[in-house]
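Take a look at the structure below.
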There are 2 protein chains.
Amino acid sequence: MQAKDVILGLLKKKDMSGYDIKKRFEEEFSFFFDSSYGSVYPTLKKLESNQYIHKKTLIQEGKPNKHLFSITKKGEELFECYLESEVKRDNIRSDICMRLYFGEFINKKQMLTIIKNTISQNEKTVHQLEHMYTLYGGNMSDTQKISLEIGIEYHKSQLQVLQDGIQKL
Amino acid sequence: MQAKDVILGLLKKKDMSGYDIKKRFEEEFSFFFDSSYGSVYPTLKKLESNQYIHKKTLIQEGKPNKHLFSITKKGEELFECYLESEVKRDNIRSDICMRLYFGEFINKKQMLTIIKNTISQNEKTVHQLEHMYTLYGGNMSDTQKISLEIGIEYHKSQLQVLQDGIQKL
DNA sequence: CGCCTCATGTAAGCAGTTACATGATTCG
DNA sequence: CGAATCATGTAACTGCTTACATGAGGCG
């Protein structure tokens with residue numbers, strides 16, 4: 001699962017620009033995927049030069065022009081390959097867990113600050129994701145809802161553990 | 001937070017070999033970090049050539065020799081820099097969420113198989129982590145326990161969402 | 001007047017993966 | 001007798017990040 005797979009999937013649903021795609025990553029995908037512009041645009045370029053996607057320019061008034069990409073038959077086949085590949089297990093890199101693991105090397109006051117910051121960050125994220133659920137939940141498929149719920153419950157569970165944990169320190 | 005930070009932290013606690021470190025990644029760190037041999041050994045080499053760590057060879061009988069690494073003063077300073085850096089938010093790449101998000105492109109039977117496999121994988125992981133908790137919990141610091149709990153609760157929450165979700169499909 | 005949003009991209013660099021290569025010992 | 005564990009490493013590649021570069025329009 002890498003940028004090209006996600007991009008192909010998105011383009012299979014709807015024509016999009018690089019900017020649109022990146023925005024999508026920050027919203028619905030924020031929990032399970034992220035990528036920078038420096039990844040999105042070169043990936044699009046590469047996919048286009050191999051005829052997996054097709055570019056057309058949309059002239060807009062009052063706004064800069066947009067490069068709208070659409071998936072080709074060849075691109076759909078490539079996406080199909082991804083879908084048939086084995087499901088990889090979640091890949092997580094958690095800096096907060098790292099700080100907790102090496103907690104003995106940080107003084108208690110700093111540790112409390114770190115945890116409290118993480119708690120409030122988590123609260124924000126939970127609210128954001130729940131907001132998305134109420135806004136778009138109606139238009140989402142059952143499985144899409146499940147993926148969003150996984151994100152919500154992940155942050156909620158981390159929040160809970162941190163709140164309980166801070167009491168015992 | 002990258003391989004070199006984790007390795008320095010581990011060596012600050014105890015002298016270790018590349019093999020030991022990789023094993024540790026597969027156990028206690030499995031939830032929040034992973035890295036292959038192809039990353040561990042080159043990282044050690046680089047750290048050593050810059051005098052952040054020091055190598056000594058341990059001759060073993062019946063087993064291959066070991067390269068035991070210990071952290072230097074310079075290395076401790078570098079680790080200190082990491083500890084003073086701002087805490088980055090969790091970075092997650094979840095292939096299962098991706099499959100769920102693009103569920104409309106997979107047939108229902110396949111989707112059920114994918115979910116069921118993920119459920120049993122999650123169950124295994126939860127058992128493993130809980131086993132670790134009972135085994136090593138006594139020797140772990142409060143914050144180390146919290147990091148392990150975050151891992152356990154993450155997998156438990158994902159398990160729960162998938163089990164609930166599968167009923168509704 | 002300055003910041004935010006919209007919009008597209010490049011260049012340099014690096015961190016990390018995959019695959020390969022080797023070899024002794026122990027256990028079932 | 002084969003598989004697993006212990007143990008170390010390299011080479012080629014690649015995906016991604018960071019930082020840079022540009023510029024128009026809207027909003028307060």
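The structure presented is a predicted model; accordingly, all values stated were derived computationally and were not measured. Basis for what follows: all heavy atoms, side chains included, without hydrogens, waters or symmetry-related copies. Each chain gets a letter, A, B and so on, in the order its sequence line appears, and its residues count up from 1.
- Spacing between atom NZ of Lys45(A) and atom C1' of dG15(D) amounts to 16 Å, rounded to whole angstrom units.
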Start with the C-alpha gap between Glu80(B) and Glu76(B), add the side-chain angles, then the distance that decides, and say whether side chain to side chain contact (heavy atoms under 4.5 Å, CB included) holds. CA-CA 6 Å; Glu80(B) 204 56 43; Glu76(B) 296 205 349; over 6 Å; no
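- Which of dA7(D), dG9(C), dT18(D) sits closest to the side chain of Ser36(A) comes down to dT18(D).
- Of all nucleotides listed (dG9(D), dA15(C), dT10(D)), dA15(C) comes nearest to the side chain of Gln2(B).
- Nucleic acid contact class of Thr43(B) (heavy atoms, under 4.0 Å, all strands): none.
- A tilted orientation is assigned to the rings of Phe32(B) and Tyr101(A), their planes being inclined by 30° to 60°.
- Atom NZ of Lys22(B) and atom P of dG16(C) are 12 Å apart (whole Å).
- With distances taken from any side-chain atom of Gln60(B) to the nucleotides dA7(D), dC16(D), dT8(C), the minimum falls on dA7(D).
- Taking the six-membered ring for Trp and thresholds of 30 and 60 degrees, Tyr37(B) and Tyr19(B) have nearly parallel ring planes, at less than 30 degrees apart.
- Of the candidate nucleotides dT8(C), dC6(D), dT17(C), dC6(D) has the atom nearest to the side chain of Pro64(B).
- Looking at which nucleotide of DNA chain D each of Asp34(A) and Phe69(B) is closest to, the 5′-most match is held by Phe69(B).
- Rounded to an integer number of Å, the gap from Lys23(B) NZ to dA7(D) P is 7 Å.
- A straight line from CD1 of Ile59(B) to C1' of dT8(D) spans 15 Å, rounded to a whole angstrom.
- Annotation: cation-pi pair Lys12(B)/Phe102(A) absent, no NZ/CZ under 6.0 Å from the ring centroid and within 45° of its normal.
- Counting to the nearest Å, the C1' atom of dA7(D) and the CG atom of Asp20(B) are 10 Å from each other.
- Closest to the side chain of Lys46(A), out of dA7(C), dG15(D), dT8(D), is dG15(D).
- Distance from the side chain of Tyr41(B) is smallest to dG9(D) among dT5(D), dC6(C), dG9(D).
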